[in-house]
Structures are given as C-alpha cells and as structure tokens.
A.B. asks: 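For reference, the structure I am asking about is given below.
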Amino acid sequence: MTREIAVVAFAQTDHRRSTEESSEVEMLMPVLHDVLQQTGLKTADIGFTCSGSSDYLAGRAFSFTLALDGVGAWPPVSESHVEMDGAWALYEAWTKLLTGDADTALVYSYGKSSPGSVRDVLTRQLDPYYVAPLWPDSVALAALQAQALMDAGHTDEPALAAVGARSRAAAAANPHAQLKGRTPQGDYIVRPLRTGDCPPVGDGAAAVILAAGERARQLCERPAWIRGIDHRIEAHGLGVRDLTDSPSTRLAAEHAGVFERPVDTAELHAPFSAQEVLLRRVLRLGDDVRVNPSGGALAANPVMAAGLIRIGEAAARIHRGASDRALAHATSGPCLQQNLVAVLEGDPR
Amino acid sequence: MSKEPVAVVGIGQTKHVAARRDVSIAGLVREAARRALEDAELTWADVGAVVIGKAPDFFEGVMMPELYLADALGAVGKPMLRVHTAGSVGGSTALVAANLVAARVHGTVLTLAFEKQSESNAMWGLSLPIPFQQPLLAGAGGFFAPHVRAYMRRSGAPDAIGSLVAYKDRRNALKNPYAHLHEHDLTLEKVQASPMLWDPIRYSETCPSSDGACAMVLTDRAGAARAPRPPAWMLGGAMRSEPTLFAGKDFVSPQAGKDCAADVYRQAGIADPRRDIDAVEMYVPFSWYEPMWLENLGFAEEGEGWKLTESGVTELDGDLPVNMSGGVLSANPIGASGMIRFAEAALQVRGQAGEHQVDGARKVLGHAYGGGSQFFSMWLVGATPPGA
C-alpha cells in the first residue's frame, strides 16, 4: 500500500521587481513562518526539509547554506537541497515521505533575479563549449520556439496576446502577483515575442508543507493529495529537439496519471505565452479547464520558485474548495527542456 | 510501511587528476557512468532515473549543468534530479538516489557526482566577498584551520598527529589506481617539512584540486538478484544539517554529525561502532579531521580520537582502517568526493577494492560533510542484506 501524501500548507511572498533592501534569507523568513503557522508546526516537528535555489542568481557559491540558518535548523534537521526549482525539491521530499522515514516535510525555494541580468545569467545554463559562448539569451530561445509553433500553425500573434491578457487579468485577484490587470502587449523584444509574451523579472520565495496520511488530515481541513508526480528531461541541444512538441511533459503527465480523469484546474509554469499554447495541447487541456487562475508565470516568475508556486497555487485551490482535481506543472531549462507534472486531488465533498 | 532494500551493483570512477584536458565535462561524467554500468553489466536502457550531484556551479562556470549533461548520461526521457549540499553532496546525491529505490519509485537508478576543478579555480570560487556575511577566508583551509587549533587545544593532541594521517593516506593512495596523488617518494619527514599554509595545516596535509567523477548503480532486491558481482547492501543512511553560524555551534564536533551517525547506526543495528564496523571511508580534506571525526562518529571518546591515529589503529592493516583508498587527501574532485567515500565503502564490502582491500570487511561506513561543518551525509553498507 502506497502512502498517501498531501500538500497541507502553502505560502509565498509578494513578487516584486527588486528587493534590494533585503537578503535572500530575509525575503524567505516570513514565508517559512507563514506555512509553519498555518499548520501549527515548529521547525523541530518537521521530519524532512528540502529546498531549491540557484547560486547563479545570487552570484555566489553556497548561497543556500545561509538560508538554512533562517530555517532555524537547531537541533539539527534531516535536510537536503536541489540546485533546481523548488518543485523538484518537493519531488525529493515526496520520495522521502514515501519511504516512511518522515511524516512531514517543509519544502521551500527562492530566487532573486534583481542583482543581475537574468537574461544573461540564464545563458550560463547552456552547453558551455559550443552554445554558451554565443550568449543566446532566454528570450531569444523562447522566441525561436514561439516562431516554430507559429510556422507549424499551432498559434499566431493574436492568440499569444490573448494568453498574456488573460493571465494578467486573472492575476488581478492574486495579491502576490507582480504584473496584474490590463497590461499592454507592448513592443517586440525578440520577434515574435512582445513584452506581454514574456514573464516579468522579479524576486520571490515560496514554501509548502507536505504530510502523509492521517497526519495530513490533522494539519489541514482539506488536504491536496498528490495522486501522481513525475518529471522527465529532454536532450539539451535545441537542434535535436522538436520545439513544437514537449515529449517530456507528455511522459511525465502519463506517469502522474493526468489522463486517467479530467482535471478542473491547471497551473502551468509557462514563462512565455507560446509555451502555454504548447503545454495545453500536450496535456490535452480542454476549454473547460481553468488554466492559471493565479495569473501564472506571466504575472510573476521568481526563477527557482515559480514551479513550486504552481503546485502551491493548485493545492491552495483544493484547500479552499475551488478545485477537486488539479494539475500542476513546472519547467526548467531552455525551451521547456525539463518538465514536472503533478496531479492533486481533494477528498470528495 | 516497509522500505525496499537498496543494493549497490555497479561502481565506476575516473582516474582523478589535476586536469583532464582530454575530455569535456560531459566526457568526464560519461566515463564514470559507463564504468558503473559495465560493472553492473547493465545498459543505459536499464536505468530508470538519474540523480547527479556536484558542488557549486561556479567551480565550472556552468549554471545547473545537469541540463547540458542529460544527453551524456542517457537521461533523455527519464527523470533527472540535481542535488547540491556543498561538500557533502556526493553522499547526499547517493542517498537521494537510494530513496528512489527504497520508496519503490524506480527499480534501478544511476547516481553520479563530479567536479572538473581545472575549468576554474575552486579556491577563489569559495572566496567571493559578500557584504555582512563571513567569507570562507581564502579557501576552505582558512575556515577550518582555527577549528583544528581548537581541537588540538581541547584534546591535548601532539602536533605530529596531522602529519601521520597525511602520510598514511598518501601511502594508501599508492594502492588505489584511481587516486590523484601517487607520491612514491613521500616520507613522514617530507610531510612535516612541507610549507605551512593555514597554521597548523601544512601543504602536505591538504587535499589536492582534482578533476574526477564517480558513479554508482543502485537497485532493488530483484535487481540485486540479477547482479553479476556481489552487491553491497545499504544498511543505513542519513543526512543532517545545522546552521553555519550560531553561538551554540561546536565547530570541533558538530551535533549534526553526531546525530547523523546515530541515525545510521540505529537503522543498521550498530550498538558499538568501534567493534561492529570494520572500516571507514571518511571525508578528511585536512589531515586533522581524521581524529576529529573519529570522535564525532563515535569511534572514540571525546579527546581520544588522536590516540587511535597515533597507535596505528587507522592504518590499512590496523584494527579500524580509515581511508583505505587514500581519501580526500589523495583525490578531491570536490562534488564527487563524498560519493567516492560511499562507493569505496561499497567496494570494500563487495571485496572489489583490489590492493587496498581490507580482509573480511563486512560493514563499512561512508561519510561526507560540507559547508562550514554544517551538512552531513553518511551510509553504512554491508556484505549481506538488511535483516540477514
């Protein structure tokens, strides 16, 4: 019998263009306190802690070590860190709870893009010998993908504009979003992508608490049960990938059980409008599915936390009864190279 | 619920050297991964997931290099996780991979850790000045030297202990074809005459900067039954972390290390580590950390660890051999160093450690630490399955 594991609490910062006045730890602390307060747990009650972040955003090696000081890891805690989006930290924590070694887990992640130029920083993710020296930036690569989708007849500029407008309209109801309400589509940044097709650059953090079985029911009125979660990676070289498809997302979705029953909500980590078009098709999301009611990554995209926030937003809708079965998706790497898909469900009402 | 037993059925390392100019980062990791698969007599198709670790991305100047390495490690179409827990990462990476098997999420997992230090300068990668935060003081040695001093003062250990450890580990390395440093003409006198770098740490008592990778194939009970060579069974594994900087921290013997070891011993049913454990691969980047960790891990009473070293107990033919492979002092591809400790422990209980094999090694501890003695990861492996 597999253990049932649920998201029982979620918190995030208000995402902002710059948080120069605070350190990463100071940005993270209120979020940690928030999730703990929601459950009444203390750091010492948590069975396993896992975080996600990237040294390259902070501009220094071992940046995550001081965040742990903020957690208050005393007495010492069972703890780990992935140099990935927090969604993958959640995956590691989920595995840990499955083994039975822990009943609760604290998962957090954070990213500050304001200290540098995130477009330049992300070029350092690319093949260091053949591609990175050319400095192709994240917007240019996304534009390549958007153009490929247009050439294949999957979308056009008005459709992309509609994705941006809908996301930012939805974000009006999200107090944490960075860009919200009526936002002009703007000028081209890299054709065919305009400002409105691209995510805002910002700083932010998020945290989630997971719990297993009965513990979850004690901590949360309506836990968001993780019915399935899986992630897959694709080849790195863009030349060997079909940029109009996302086989890794499809495979992860199959393994997570997405296609067994319809979902009512999907929180997609699509930093660029064209990527939402692609993900909707690969995940077979119909028009009746509410996609990114939070506004998604087009309204707030704190790098390294945006994926975990998708899981948190989906879980929060289940907590408050706005969803019964939700899909959450996170991505990493250029042009959706790596994708994680989770299915969350609430108990029948 | 019960966990699936985890077995190590394949191990691969590269020859660790100062600079592997003949291979890219991808070429380096693939070499270790292929050797692990060959040892297990498996192919890329048998692997369900890949878990990779390394120390800071700044060391090679590649952000999240697992993205670029997906193809080289046969991960396309599979889950790939990237672990980073500072110097303990090699051990943590193996434990994250082991959990995928223990939780029955995957049957067979490839785990790998690497560092290609020649692509940059790790000393300065560790020395970035950050406002309002304590820098690592010109490399790791500057951070750890005062804690070694504190140990010497607390324990009353004679000044020569550190050089004994370095001399022993470098001699052990001569028996390990993968070790970076093979100093055939080294003498104890030469160690003691080497330049003082961070008092009391001398040049010959520090780890080298290495390029290298280490890989393991971990599998479930069914996978172990098909393995061509004896598996090493994981009998216990744990990670513990504590804050880097706070008034109550004991830098000489951190509580997180004690708690981590205690958890591993509890899982493995070890009542008396000194009697029940046959050998140890421990993370000793500066020679004095051998006596310090002997105490932290429960092999000696507080203040007594140096006596084990001095009396030869930790020699290759001693009663409790430590760092049979030559240890971190003889090869330090930082991100891989923890996994090498775990893998060398597994080699010993499989009886595959070649010239540096300890006769009759049945239970061996692999140990890693990182940050400011802040992160710990350990596993205990045995020649027989858990409960047997």
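Naming: A, B, ... by sequence-line order, numbering from 1 per chain.
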A.B. asks: State the CD-NZ distance between E83(A) and K54(B), to the nearest 0.5 angstrom.
C.D. replies: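 One gets 9.0 Å once the value is rounded to the nearest 0.5 Å.
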A.B. asks: So, the side chain of H81(A) versus the backbone of T85(B): is there a donor-acceptor pair under 3.5 Å, distance only?
C.D. replies: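 A pair under 3.5 Å: no.
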A.B. asks: Taking side chain as everything from C-beta outward and backbone as N, CA, C, O, which of these in D259(B) sits under 4.5 Å from a heavy atom of chain A? Side chain, backbone, both or neither.
C.D. replies: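 Contact with chain A is through the side chain of D259(B) alone.
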A.B. asks: Would you check if the side chain of D71(B) reaches a backbone N or O of H236(A) as a donor-acceptor pair within less than 3.5 Å?
C.D. replies: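 Indeed, once roles are kept as given, a pair shorter than 3.5 Å links the two residues.
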A.B. asks: Can you tell me which portion of L340(A) sits under 4.5 Å from chain B's heavy atoms? Options are side chain, backbone, both or neither.
C.D. replies: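 For L340(A), neither part sits under 4.5 Å from chain B.
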A.B. asks: Starting at CD of Q337(A), measure out to CE of M80(B) and round the result to the nearest 0.5 Å.
C.D. replies: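 Rounded to the nearest 0.5 Å, the CD-CE separation comes to 9.0 Å.
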A.B. asks: Top residue by heavy-atom pair count (under 4.5 Å) with chain A, among K78(B), E60(B), H84(B), E242(B)?
C.D. replies: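 Top option by heavy-atom pairs under 4.5 Å: H84(B).
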A.B. asks: Checking the side chain of R232(A) only, and the main-chain atoms of G77(B) only, is there a donor and an acceptor separated by less than 3.5 Å?
C.D. replies: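 Yes: the side chain of R232(A) pairs with the backbone of G77(B).
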A.B. asks: Show the nearest heavy-atom pair for residues T65(A) and Q374(B), with the distance to one decimal.
C.D. replies: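 Closest approach of T65(A) to Q374(B), heavy atoms only: O-NE2, 3.1 Å.
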A.B. asks: Counting heavy-atom pairs closer than 4.5 Å to chain A, which one of A70(B), P79(B), A238(B) comes out on top?
C.D. replies: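 Sorted descending by pairs with chain A, the first entry is P79(B).
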A.B. asks: Among P65(B), A55(B), G61(B), which has the most heavy-atom pairs under 4.5 Å with chain A?
C.D. replies: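 Most heavy-atom pairs within the cutoff with chain A belong to G61(B).
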A.B. asks: Highest number of heavy-atom pairs under 4.5 Å with chain B: which of L57(A), L68(A), V77(A)?
C.D. replies: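 So the answer, after comparing L57(A), L68(A), V77(A), is V77(A).
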A.B. asks: By a 4.5 Å heavy-atom criterion (distance strictly below it), what part of V121(A) contacts chain B: side chain, backbone, both, or neither?
C.D. replies: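 Both backbone and side chain.
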A.B. asks: Measure E66(B) against the heavy atoms of chain A and call it side chain, backbone, both or neither at under 4.5 Å.
C.D. replies: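 Both the backbone and the side chain of E66(B) come within 4.5 Å of chain A.
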A.B. asks: Heavy-atom pairs under 4.5 Å with chain A: which of V50(B), V105(B), V96(B) has the most?
C.D. replies: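 Maximum pair count with chain A is reached by V96(B).
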A.B. asks: Measure the spacing between OG of S332(A) and CG of L67(B) and express it to the nearest 0.5 Å.
C.D. replies: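 Atom-to-atom, S332(A):OG and L67(B):CG are 4.5 Å apart.
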A.B. asks: Using 30° and 60° as the class limits, which term best fits the ring planes of W74(A) and F246(B): parallel, tilted or perpendicular?
C.D. replies: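 Rings of W74(A) and F246(B): tilted, as their planes differ by 30° to 60°.
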A.B. asks: Looking at A49(B), A86(B), G53(B), which makes the most heavy-atom pairs under 4.5 Å with chain A?
C.D. replies: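 If we count pairs closer than 4.5 Å to chain A, A86(B) comes out on top.
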A.B. asks: Rounded to the nearest 0.5 Å, how far does OG of S54(A) lie from CE of M63(B)?
C.D. replies: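 One finds 3.5 Å between CE of M63(B) and OG of S54(A).
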A.B. asks: What verdict does the side-chain contact (heavy atoms from CB on, under 4.5 Å) test give for E4(B) and T99(A), after you've listed the backbone C-alpha separation in whole Å, the side-chain angles of each residue and the deciding distance to 0.1 Å?
C.D. replies: CA-CA 8 Å; E4(B) 178 71 22; T99(A) 66; over 6 Å; no
A.B. asks: Based on non-hydrogen pairs under 4.5 Å, which of E79(A), E234(A), E92(A) is most in contact with chain B?
C.D. replies: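 Heavy-atom pair counts peak at E79(A).
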A.B. asks: Heavy-atom cut-off 4.5 Å, strictly under: side chain, backbone, both or neither for Y129(A) against chain B?
C.D. replies: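 It is the side chain, since no backbone atom gets that close.
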A.B. asks: Heavy-atom distance under 4.5 Å to chain A: side chain of Q255(B), backbone, both or neither?
C.D. replies: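 Contact with chain A: backbone and side chain both.
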A.B. asks: Has D55(A) got a side-chain atom pairing as donor or acceptor with P56(B)'s backbone, closer than 3.5 angstrom?
C.D. replies: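 Absent.
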A.B. asks: What class does the angle between the rings of F62(A) and F59(B) fall in, given that below 30° is parallel, 30 to 60° is tilted and above 60° is perpendicular?
C.D. replies: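 It falls in the perpendicular class, over 60°.
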A.B. asks: Could you tell me the separation between the CG atom of D101(A) and the CG atom of D263(B), rounded to the nearest 0.5 Å?
C.D. replies: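 Between atom CG of D101(A) and atom CG of D263(B) there are 7.5 Å.
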A.B. asks: Below 4.5 Å from any heavy atom of chain B, which atoms of S248(A) appear? Answer side chain, backbone, both or neither.
C.D. replies: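 S248(A) has no heavy atom closer than 4.5 Å to chain B.
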A.B. asks: Roughly how far, to the nearest 0.5 Å, is the SG atom of C50(A) from the CE atom of M239(B)?
C.D. replies: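 Reported to 0.5 Å precision, the distance equals 7.5 Å.
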A.B. asks: How about V62(B) and Y56(A): do any of their side-chain heavy atoms sit closer than 4.5 Å?
C.D. replies: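 A side-chain contact is absent here, since even the closest heavy-atom pair is not under 4.5 Å.
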A.B. asks: Tell me, side chain or backbone of A132(A) under 4.5 Å from chain B's heavy atoms, or both, or neither?
C.D. replies: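 It is neither, since no heavy atom gets under 4.5 Å.
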A.B. asks: Is it true that, when you exclude E21(A) itself, more than 12 heavy atoms of the residues, nucleotides or ligands shown sit nearer than 6.0 Å to its CD?
C.D. replies: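 Count over threshold, so yes.
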A.B. asks: Using a 4.5 angstrom heavy-atom cutoff, name the option from V83(B), N99(B), V51(B), L69(B) with the most pairs to chain A.
C.D. replies: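 Looking at each of V83(B), N99(B), V51(B), L69(B) in turn, N99(B) comes out on top.
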A.B. asks: Which answer fits I233(A), side chain, backbone, both or neither, if we ask what part of it has an atom under 4.5 Å from a heavy atom of chain B?
C.D. replies: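 Looking at I233(A), backbone and side chain both touch chain B.
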A.B. asks: Could you walk me through whether L81(B) and Y91(A) pass the side-chain contact (heavy atoms from CB on, under 4.5 Å) test, one step at a time?
C.D. replies: CA-CA 9 Å; L81(B) 271 171; Y91(A) 180 87; 4.0 Å; yes
A.B. asks: For the CZ atom on R124(A), are there more than 12 heavy atoms of other groups (residues, nucleotides or ligands in this structure) within a distance under 6.0 Å?
C.D. replies: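 More than 12 heavy atoms, drawn from other residues, nucleotides or ligands, come within 6.0 Å of this atom.
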